[in-house]
Amino acid sequence: MKRMTGAEVRQSFLDFFASKEHVIVPSAPLVPVGDPTLLLTNAGMNQFKNIFLNLEEPRYPRVADAQKCMRVSGHLNDLEEVGPSPYHHTFFEMMGNWSFGDYYKKEAITWAWELLTQVWGMEKERLWATIFEDDEGNLPTDEEARGYWHTETDVNPEQVLPFGRKDNFWSMGATGPCGPCSEVHYDRGPEYCDKQHVEGHVCGVNGDCARYLEVWNLVFIQYNRDADGILTELPAKHIDTGLGLDRVTALAQGAKANYDTDLFAPILRRVQEMLGHDDKTMQEQIIPYRVIADHGRAVTFLVGDGVIPGNEGRNYVLRMILRRAARFGRKLGFTEPFLGEVAKTVIGMFGDHYDDLRRRQEFILNVIRQEEERFQRTLDVGLSLLDEIMAGLEDRGEAVVPGADAFRLYDTFGFPLDLTRDVAAERGFGVDEAGFRAALEEQRQRGREAQQFATVDAEEFELYARLLEELKESGRLGPDGVEHPYDEYVELETVIVAILRDGETVKHASEGDEVEIVLAATPFYVESGGQVSDTGLLARYQEGEETPSWEVEVSKMRQPVPGLILHEGLVTHGELHVDDPAWAMVDTMRRMDIARNHTATHLLHSELRYILGEHVQQAGSLVAPDRLRFDFTHGAMLTQDELDAVEQSVNDAILANYPLLAEHEGYQEAVAAGAMALFGEKYGDEVRVIKIGVPHDPFSQELCGGTHVHHTGEIGLFRIVSEGSVGAGVRRIEAVTGRAAQQLVQQRLGVLDAAAAQLGSQPEEVDRAVLRLLGDLHRGQKEIGDLRRELARLEFEKLLGQVQEVDGVKVLAARVHAADVETLREMTDWLRTRLGSVIIVLGAIINEKPSFVAAVTPDLVDQGLKAGTVIQRVARVVGGGGGGRPTLAQAGGRDPRRLDEALALVPKVVRDLLDGRESS
Ligand SMILES: [Zn+2]
Ligand SMILES: [Zn+2]
């Protein structure tokens, strides 16, 4: 076979099909657009699914592309294949050619053979073809395909083999499009067999050894399968083919593993260079090297398509593989973040074909660096936690880390099991892996119950797809489905074509019913690109009548399948029927509020890039009637000066009253002219560009399908209400415009006026008045503090004056003010230091109860004066008791009125004790 680089393989594939009159379309993003049933794009056909389901008209009859794909189910085990296996990848490119009701088996087979043998120069004798022969005996053998292999190609007829359903029949799902396949396999030669030593092994196509490689799969979408499993021939048959770029490139470069091709090798070399490893060291650790190469590619492309690390769905997939790569890097000896360098290499390798990668380079590197740093921090915390766990085990004489702990490390700190295992083993500990897997399974179970990805399940999708089909067949809807001129109208006259109640179509509905209504046309915007749906009314007005004969309040909009738009709402009045004429009226005040916020979002985006720099990329947005939220990439918190400058510039752009222009242009031209393309939108060849500013030199142009004001002046006032972080390198600004901004200002000014009135000052002097007040308050507090201290000193002096002598012993019994017993005790301490040899009994009312503390210096204890004894006798007077050590004791009582009486008893108690008598 001809020697080619990976890029040459890709380009020659596309060129070949362009020469066969195919339109070359760009890869769809990895984040599937308009398909809520799918986590990540995982096959070339994803972006054409709706054409196969007959939901969407194809734009061109034949296309070809190279599609970015990710295959990760989110399960730990699947990833363990990556690295050891020479051709199992998370990210890969799938090349494919497609016919939508245009050419069929003959051309697909002829062209595949032509490209493989004539353009790429694959040796004919090494190529094998397969066709479908039903092993269940129900479907006819694909003689048509076999015939074309024999008549249209010069493949050795002996090398065309039949296979059954497992290998050669394709279906999209349990129902829907399906059909036979024909594959091409490449025989790499007996030396590639990795089962030579297995007894009884025979190499074969679709066998279990590495000798034969499946190169190309041609799918003939021939049937539709209904719910009863019955297949019917499709009126328009399609071609869907796929061949992996990595695999063909490996053949073109005679590489044993995909990692040895130029689609991976530069990454491995860069890692080797950073580590300073020689070739031998690298080969010894080739598995971690490969994991980093595979995951590094995947991570770069995922972030390039706008995925940010997180804990759910595709965000979690990204976090998991990024952390896995970081951890393998640590194994190899990296101590600092290195994945940014890997990503740079990937961008260098793929940026020519996928130019988005270049445009978003700074964003990609930022996101990766921040996540890698975050992982290093949690890794350190996790490692010390594991240390603690093992120390605890050691104390108890155990040697196995419990599964629950291993799982907690995995779940909370992103510690994969093998890391825990490694670290534990270093210290001679084992890990309860069965326990870990049980805990993991339990969590998966919970995860399955709360499936986060899918907002529309497959069943619902089918229900609505069928409804759309019926509406088209009955002529109630045109071939494009519901007409949707939301950017031209806010109300229009139309017809009800379907009513649904509890997910079932009904002929009519009446007052109090919750319904979903399909109209032939609607001006209601359906949530998309961050802008929320419109709300409003549907009603029927009849000649000469004041009130409508029925009315529906629309609270929610949905488009479960392309072309089918649902108005969800409540029938507030009357009875409506299918085929009724209807006025569809958007709540225009609300629509205007939304439009103000949407246009302001574009202005904000453009001013942020102007003030903070071109690295600012939109990472998400919400455009609602009461506020707007804009997430963007930026590494640091915005300073007050920056926020002020952004706010000022947006308001300047509003006051300049620039016109807005919505233009339809080709995607490539629009992006080339500087229009900002955002993440997660699928662009047809024609896109809508919103331009703000003078038409020939707009200062803002974004690809956008939303609704906008006509001139920026309509926005009124723009006011930022908050700025904060929402994750690795992503900041969020929330702002208000128009009516909400006015309300905010009004309310703030109202508060200011009220404060001014209370301060007896003018509103513009409130800050100074408050400062003055705070100064006064501060001085007053200081004065109070001084006075308190003085008071305490005086009371202390007074106490010292109350000392009496009883038989030559100093006795102090006094009532004091104290908030708690602790204070009482402290007071006895101070007094004792001042008085030397002494017995002190202090009493106070605390929480409305009498409390006492008695302290006796040790010399007096020797004379028979024990604090506990003294205080017990004193407390008896107030109906209480207590005790403590000989030098310090405390007591409480019930009767606060007799506190003084109790204290007066102290001298007598002392005298009695000194005399060795029991006092009464
Ligand atoms: Zn073999
Ligand atoms: Zn927009």
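Counting convention: from 1, in listed order, for ligands and their atoms alike.
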> Report the residues that fulfil salt bridge (Lys or Arg N to Asp or Glu O under 4.0 Å) with Lys556, sequence neighbours left out, ordered by chain and then residue number.
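Result, salt bridge (Lys or Arg N to Asp or Glu O under 4.0 Å) vs Lys556: none returned.
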> Using a cut-off of 2.8 Å, how many protein N, O or S atoms sit around the Zn ion (ligand 1)?
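Number of qualifying protein atoms: 4.
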> How wide is the angle at the Zn ion (ligand 2) between NE2 in His598 and SG in Cys704, to the nearest 10°?
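It comes to 100°.
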> Which N/O/S atom belongs to His602 and is the closest one to the Zn ion (ligand 2)?
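So the atom name we want here is NE2.
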> Can you tell which of Gln67, Gln47, Lys68 makes a side-chain hydrogen bond (donor to acceptor under 3.5 Å, both in side chains) with Ser27?
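Among Gln67, Gln47, Lys68, the one meeting side-chain hydrogen bond (donor to acceptor under 3.5 Å, both in side chains) with Ser27 is Gln67.
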> Would you say Arg629's side chain and Val623's backbone share a donor-acceptor pair under 3.5 angstrom?
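Such a contact is absent between Arg629 side chain and Val623 backbone.
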> Taking both backbone and side chain into account, is any N, O or S atom of His708 nearer than 2.8 Å to the Zn ion (ligand 2)?
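Of the N, O and S atoms in His708, none lies under 2.8 Å from the Zn ion (ligand 2), which means no.
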> Do Glu723 and Arg731 meet the salt-bridge criterion of a basic N to acidic O distance under 4.0 Å?
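Here Arg731 pairs with Glu723 in a salt bridge, since their nearest N and O are under 4.0 Å apart.
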> Should the pair Arg688-Glu663 be classified as a salt bridge under the 4.0 Å nitrogen-to-oxygen rule?
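Salt bridge absent between Arg688 and Glu663.
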> Looking at Asp593 and Arg590, is any side-chain nitrogen of the basic one under 4.0 Å from a carboxylate oxygen of the acidic one?
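Here Arg590 does not pair with Asp593 in a salt bridge, since their nearest N and O are not under 4.0 Å apart.
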> Decide whether His201 and Glu199 meet the rule of one side-chain donor and one side-chain acceptor closer than 3.5 Å.
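Side-chain D/A pair, His201 to Glu199: absent.
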